[in-house]
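Structure, as structure tokens:
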Amino acid sequence: MINFELDEEQKLIRETVIGFARDEIRPYAREADEKGAVPASLLQRGWELGLVQGIIPEEYGGSGSEHSALTGAVIAEELAYGDLAIAMHLLAPRLLTVPLVEFASSALKRSLLPAFCGDVFEAGTAAVMEPRFDFDSSAPATVLRRDGDEYVVSGAKCYVPLGSQAKHIVVLAGLANGDGTVHPQAVVVARDTPGLRVGGREKSMGLKALETTSLELDACRVPRDHVLAAGDERAMRRLADLWHVGLGAMAVGVARAAYDYAREYAKERRAFGQAIAQKQAIAFMLAEMAMEVDAMRLLVWEAAWKLDRHEDATREAYLSKRYASDMVLRIADNALQVLGGHGYIRDHLVELFLRNARGFATLEGLAIA
Amino acid sequence: MINFELDEEQKLIRETVIGFARDEIRPYAREADEKGAVPASLLQRGWELGLVQGIIPEEYGGSGSEHSALTGAVIAEELAYGDLAIAMHLLAPRLLTVPLVEFASSALKRSLLPAFCGDVFEAGTAAVMEPRFDFDSSAPATVLRRDGDEYVVSGAKCYVPLGSQAKHIVVLAGLANGDGTVHPQAVVVARDTPGLRVGGREKSMGLKALETTSLELDACRVPRDHVLAAGDERAMRRLADLWHVGLGAMAVGVARAAYDYAREYAKERRAFGQAIAQKQAIAFMLAEMAMEVDAMRLLVWEAAWKLDRHEDATREAYLSKRYASDMVLRIADNALQVLGGHGYIRDHLVELFLRNARGFATLEGLAIA
Amino acid sequence: MIDFELSPEIAAMRDQLHMLAEHAMRPIAREYDEREHEKPWDFINMMWQLSKSSGIGPGAAKDGKDKAPERDRNLRTVVAVEELSWGDAGLYLSIPGPGLGGAAVMAVGTPDQKQRFLSRFKDDKPVWSAMAITEPGAGSDSAAIQTTAVRDGDHWVLNGTKIFCTSGLMAGDATKSNGFVVVWATIDRSAGRAGIKSFIVDAGTPGMTVAKCEDKLGIRASDTATLIFEDCRVPLDNILGSPEVPKTSEGFKGVMATFDATRPIVAASAIGVGRAALDFVRDELKKQGVEIRYGVGPRKLTAIERDFMDMETQLQAARLLTWRAAWMMDQGQKNNLEASMAKAKAGLVVTQVTQKAVEMLGPLGYSRELLLEKWMRDAKINDIFEGTQQINMMIIARRILGYSSKELS
Amino acid sequence: MIDFELSPEIAAMRDQLHMLAEHAMRPIAREYDEREHEKPWDFINMMWQLSKSSGIGPGAAKDGKDKAPERDRNLRTVVAVEELSWGDAGLYLSIPGPGLGGAAVMAVGTPDQKQRFLSRFKDDKPVWSAMAITEPGAGSDSAAIQTTAVRDGDHWVLNGTKIFCTSGLMAGDATKSNGFVVVWATIDRSAGRAGIKSFIVDAGTPGMTVAKCEDKLGIRASDTATLIFEDCRVPLDNILGSPEVPKTSEGFKGVMATFDATRPIVAASAIGVGRAALDFVRDELKKQGVEIRYGVGPRKLTAIERDFMDMETQLQAARLLTWRAAWMMDQGQKNNLEASMAKAKAGLVVTQVTQKAVEMLGPLGYSRELLLEKWMRDAKINDIFEGTQQINMMIIARRILGYSSKELS
């Protein structure tokens, strides 16, 4: 039955994350961007919130909460509200742990999950994108083929968060169908696998505080059970949906950050004898932002809710991510416009929001719900 | 060398047409729409302006002015400013005469053009569109094939202006290439050709004052020289360009009509103690309309200018028509919004402008520059 | 706990209404577009019987003995309105029942007023009510209302002209129904907004004349009337709310509060029209073998696919905002901001979606052979009535900025 | 007679500048984006020599002995600026020459002022000029300027703070160049707009300090300075225009008129950046075998094709509006409306085109390996400086409605 309110546990988690984003993340957002690094102390404090450990079953050392895409979306939005790059860094381990929890064999879980239940930040990641103009996550060019009891992965990846730090990587590859087409398949690859080469740090318009690297896989051999939910196309669609919802939720966070920033500025800033927010041209831009932030969130939550019911949510996840990607750009651009010349200089955060906002439409697999 | 000013002759023609559109067309716009007919007296007075006869060479009874797409665009804009359906009716004969003047053999010209140099309105038309969801004027489904000394046309057409009145029709058909594709080819078909059947009057959202009909061609045989510029693909592209410029220019006229109407209303209408035009939300809409009307016109004129230099203008004509089609809808919709509730009722002309505006993106070949 | 699924009761009602929309509304939609100013009496009578017998539809009894559980009344209404408007927005608006006038009585009426006026909606013959707000000179500026109500003994005496009253003919003309019109008038012009009150005027009250029904772009099955009030006397206790003029504009806020309930309804109607267009386009594309591929990389999309995806996402965004606004009201939460968001978004979205749909079907989309062009004409009203796009953006802006109407106008 | 073709002279200049943009600007574009606050001296010196020797480029001598025919000076300038900005917008803005300050002197300076200040642009060493209008508290509200100019004997004494002065460092710091800054200040605050005048301040004048250069989103090769004026004394005849305070705001209009010349230049710069992105995308699509099919039916277009077509049409629309505004000025026609149209359109278009271009190239578009992301960052300034989008829409609205700044604000 229709309900637009989070449950008590989700509210509690949200409150915690809101406080952390406001008090710990946001104050470091500019510095992290300029320096290209997230302070270690911040990572550690973020780790202690238990956002990674929470969904790991107790038998592997975690808190054993059921994995909820909706809760994941709430966390992603709030952290990204603080800062997108820092949020992605903090949540990067989930790129590995969520697929493991959902799709891995017990043996693989036992082997990999306990490392994420310790006291210090443990990096994990996924390698989804490929350095091609026409990258399509529904048909990756990275090749996965079976060879006896093992699988062999070959290909090139880019935008791998914490690529040089993570010991294990969920790699998206294409497994050949009979008809010449491929279907996507996620496979866990250890960084020390022969044939795997982590590239240098990538440089992007935004996300400067987040380390991303390229990855080359030259006939990397992986054990059979490292292929997650092998042959289960529905599971792989679900994984893609979780990526979409994760990024969509982060887009909501960035959009809301830009909107809040612009609104507060517009109320303070005076011109022509009034606060600039009193001008219709500015006020209507702000009103649209407010409306669209809510619209984005509702669409993302609907997709997350469907995933939590284990229904097919591919359409909802895909469309809500597209919508959120378009809107976050529009909102960040308008927020900068509200600040005018002040928005263009790096004294204010809106230019950072704009640079980060632009990534959503093309980036995939950098977050997971 | 860059120049943004019409020449003296064009200015003179424009002044004449502006007056006619203002004094003769506009007052009848509503009535013509509701009654579904253009008053005969108005047609006659329009005829007497010589807009059809002007470009017909003197040897066939015309005034012998060189055909200029730019002048045609100026005329089309100004008449459409008065009313789109009436403008299309008045200029429908050009759908036949312009292709004849540009592409027909002397014999065909001699046979058909003198009829358009008389004292009374003479209908002519073109049948370009087809009743298909995926109609594409660059690959018409109406088939033209050669059969001995004659050609045979078969297919179905729609949106043929004055379909029941015109004695001759320029029909767009596809002539097979060797490779299974077709290229477009214009052919003049007499209405009394066996196999040709004119359908009933079509009913559309807009353009209600303009008679349009469907047309069926069942193996209609036409003499060889009725195929215009046979095999000359460049000529056929030029013809398509002229159609695009004609419709683009009419879109400018409708957009300007909507803009002017909304602007004057907004200056008159008061709310909250001011003219509504003094509100930024309204004022900025009007400013955008003004800017876009000029932008549309410049793009259309650039395409027309290239055609007058007999350069390849396919890109410019196509793009300017697309742009004009998008903008005229946006402008008419915003104009209605400026009028609010008053815009929604048929006491005002903006709802008519909106209905007419919506046609441009899909209609083709209903006007020619 | 977040849940996007309709309750089984609402879902069942929706399915029933969908059948009705498809089989009783769609077949006559074109006819009553063309026969402007004629009423679809068969349909009206059927709807009247249906709402009395089954309690479904927006016209269902709402006198407090509503069969539907109170806790989801608003949500129920928006779901019903979307479905009926999917059938036909003009016909939906012509359905007898409480409508906007009834909503106002329900929102702020006294128990006595509810009894006197809402009980009519159980009559044998169809009854309409209407809301009369807009004036020729005022437009969106509700606070500038010129219609006056002057107390004279046991009566209020109304004078003024109201335009754009949806169902004003059916509600105000006693030969059409035993209806009533809720009229906004000022009892103290010097008090500005605070002086504005609403009054219930019975159909056929002497002094109230239906002067004209507008010729419109769309929603032609519904009448949009001009009502003239000349020394129109109504009983003292036909005033809604208190007859006091407060020092602040709180009273006006009370009057405006009915919009919090009606704006989501208009939004729902918009969404119904948009969905009609979207469903039609989807079916046509399917017939042509065009598949919408959710999940593929952006470079592989066709322009048509992307258009379609944008349309459906926009509509769903508007629907969720609308459901939220209705749900909040059902929870007893203030939803002024959210109601305006729903209305602003839905009005804009349905305008764009239907305009695009006409274009997507090429030559046929523009033709009156299909209903697409009608939906585009019907859709636009949603961007205008119950507060234009601009008025709703203003309300949103004021709420998020904490500005009064003086600080932002 | 309508003609859209550039004269052979201008076309030749454009081709020369294109070579220069490609070979002298593109290769260092990334470097001076990353080395913010460092100056590309080799490029600067080359441009200085070039403009003196060949008379091409926007820095070309403009002291009245201009080699280019006066009749197409503005058109020539916008064509040149588009080409240089195609090379790199930040580097273009760092080019020495008259710039905005010089434009103001040229537009309203006395013959003596022109001689004193414009002749410097023939010096051996590069010279910059700048315009100082914006203040920390005023933003787009030029009329609310707080910087004061008080007459004291033979001098005007300036006090105040100016921000966002493009090339303010190079023009105001005597160690950088023998430049000057044109400063807007009020000589009578009670007179409002009418009291605002502009003053020429020589580089290194005591009392003028370059306090700061901004860290920016884009155009990082160009400095954006904060200038502080503390009892800064300039000679009496360094005032531009009359020292009288008129009864009307005509004087202010005079000051504002320089924008009619500079807005098309900013528009041209925007178009250059947008074209850089468009050309890059076109080339990449071609490499991938994607053909843009002009003329096919809408149903056959891919999303990418349609995006590309929209981008190129929008850019061309902006270019034609810009050429028209410049051409009108060359004809001696008032172009206030058209200059704002060009600026508003181009600023918006280049923002959207570059943002879209980044998206169209997928993962690579977002990378700093390519210049696309830089063009997006550079582009946005065009929606802001020389009057934001909103300010220019306001000016257009006032002109088409015949409103004063009081009637529409």
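These numbers come from the heavy atoms of this one structure, side chains and all, not from hydrogens, waters or symmetry mates. Each chain gets a letter, A, B and so on, in the order its sequence line appears, and its residues count up from 1. This is a predicted model, so every value here is computed, not measured.
- A salt bridge is absent between D:K286 and D:D283; no separation between the charged side-chain nitrogens and carboxylate oxygens falls under 4.0 Å.
- For D:D307, the salt bridge (charged side-chain N to carboxylate O under 4.0 Å, His left out) partners two or more places apart in sequence, or in a different chain, are C:R306, D:K356.
- With respect to C:R220 and C:D215, no salt bridge is recorded, no charged nitrogen being found less than 4.0 Å from a carboxylate O.
- Pairing each heavy atom of C:R263 with each of C:I391, the nearest pair is NH2-CG2, 4.3 Å.
- Side-chain atoms of D:E373 and D:S367 form no donor-acceptor pair, as typed in the model, at a separation below 3.5 Å.
- Under the 3.5 Å distance criterion, with hydrogens and angles disregarded, a donor-acceptor pair is assigned to the side chains of D:Y294 and D:E312.
- Within residues 275-282 of chain D, no residue has any heavy atom closer than 4.5 Å to a heavy atom of chain C.
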